[in-house]
Amino acid sequence: MSKISDRLRQIEENIAAACARAHRDAGEVKMVVVTKTVPPASIKEVIESGYTELGENRVQRLKQMAGEVAQLLQEPDPDSCIPSKVKWHMIGHLQRNKVKTVLKISSLIHSVDTLRLAEEINTVSGKLGTKADILLQVNCSGEPQKYGAPVGAATHLAEQFEGMENLRLMGLMTMAPLTKDKDVVRACFVRAKELFEEIKAEKFGGGEFSQLSMGMSQDYEIAVEEGATMLRIGSAIFAGMTK
Ligand SMILES: *Cc1c(COP(=O)(O)O)cnc(C)c1O
């Protein structure tokens with residue numbers, strides 16, 4: 001057994017324990033493996049361990065890794081629109097001029113935080129003849145953060161996204177502030193979950209609004225306890241391994 005699969009198994013056990021504490025079914029929580037620091041051979045190990053939802057935060061790297069991994073697996077080119085067993089998630093800040101590249105490769109964009117970006121995604125996916133699955137990224141920390149819509153603006157944004165015919169709003173994404181203070185982290189996740197339930201109750205997203213992407217290596221257990229359905233985990237799997 002490789003180190004990577006050992007760590008994946010350990011994290012899986014931690015997730016199951018957090019689910020048990022919160023009286024949740026472990027099947028409700030999906031791990032997106034964030035591969036931004038590792039070489040294709042390690043990504044292949046992840047896939048061989050049974051994890052096929054992968055995340056990158058930069059467009060250039062997403063495109064490159066999707067291509068290299070497809071080659072390693074002897075699959076078609078990732079932007080050929082032929083279904084692959086690997087699903088790529090775009091989790092980082094996205095500029096409007098990179099939308100087309102991302103739409104061809106990724107199955108879910110976690111980081112949509114402005115009306116202008118959503119409009120661009122809507123337009124480009126219309127041209128490509130597809131529908132784009134997106135999450136609305138919110139800033140639940142209350143501190144000035146670079147990215148993420150303010151909590152107070154989220155419901156209205158979700159409503160506007162709902163009116164765009166080539167978008168499917170699948171849920172919310174958030175990042176806790178970088179702090180060791182677990183109460184601050186938990187408060188952030190609690191706020192995101194409340195907002196998630198509020199928007200869900202409005203029935204935006206035609207019943208597809210079901211995903212709450214929150215929790216990273218440092219805080220995924222708290223995120224699970226507070227209702228995350230998708231975790232984005234990188235360094236807990238790969239720390240100490242070289243590029
Ligand atoms: C890097 C990254 C992660 C994973 O972070 P780790 O601390 O390595 O688990 C999750 N989400 C986003 C948006 C990231 O950029």
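Remember, it's 1-based here, ligands and their atoms both numbered in the order they're listed. All residue numbers refer to positions in the sequence shown, counting from 1.
- Arg232 NE, 2.9 Å is the protein heavy atom nearest to atom 11 (N) of ligand 1.
- When each atom of ligand 1 is checked for a heavy atom of Ile233 under 4.0 Å away, the hits are 9 (O).
- Here Arg186 pairs with Glu226 in a salt bridge; the nearest charged N to carboxylate O distance falls below 4.0 Å.
- Residue, atom and distance of the protein heavy atom nearest to atom 7 (O) of ligand 1 are Ser235 OG, 3.4 Å.
- Between the side chains of Asp181 and Thr179, no donor-acceptor pair is found at a separation under 3.5 Å.
- Gln211 and Thr229 share a donor-acceptor pair across their side chains, judged by distance under 3.5 Å alone.
- Proximity of a side-chain donor or acceptor of Ser125 to a complementary backbone N or O of Asn166 within less than 3.5 Å is detected.
- The nearest heavy-atom contact from the protein to atom 13 (C) of ligand 1 is Ile91 O, 3.4 Å.
- Between the side chains of His93 and Ser111, no donor-acceptor pair of N or O atoms lies under 3.5 Å.
- Heavy-atom proximity to atom 2 (C) of ligand 1, evaluated over Met216, Lys36, Met173, is greatest for Lys36.
- Taking only nitrogen or oxygen atoms, main chain and side chain alike, Ser217 reaches within less than 3.5 Å of ligand 1.
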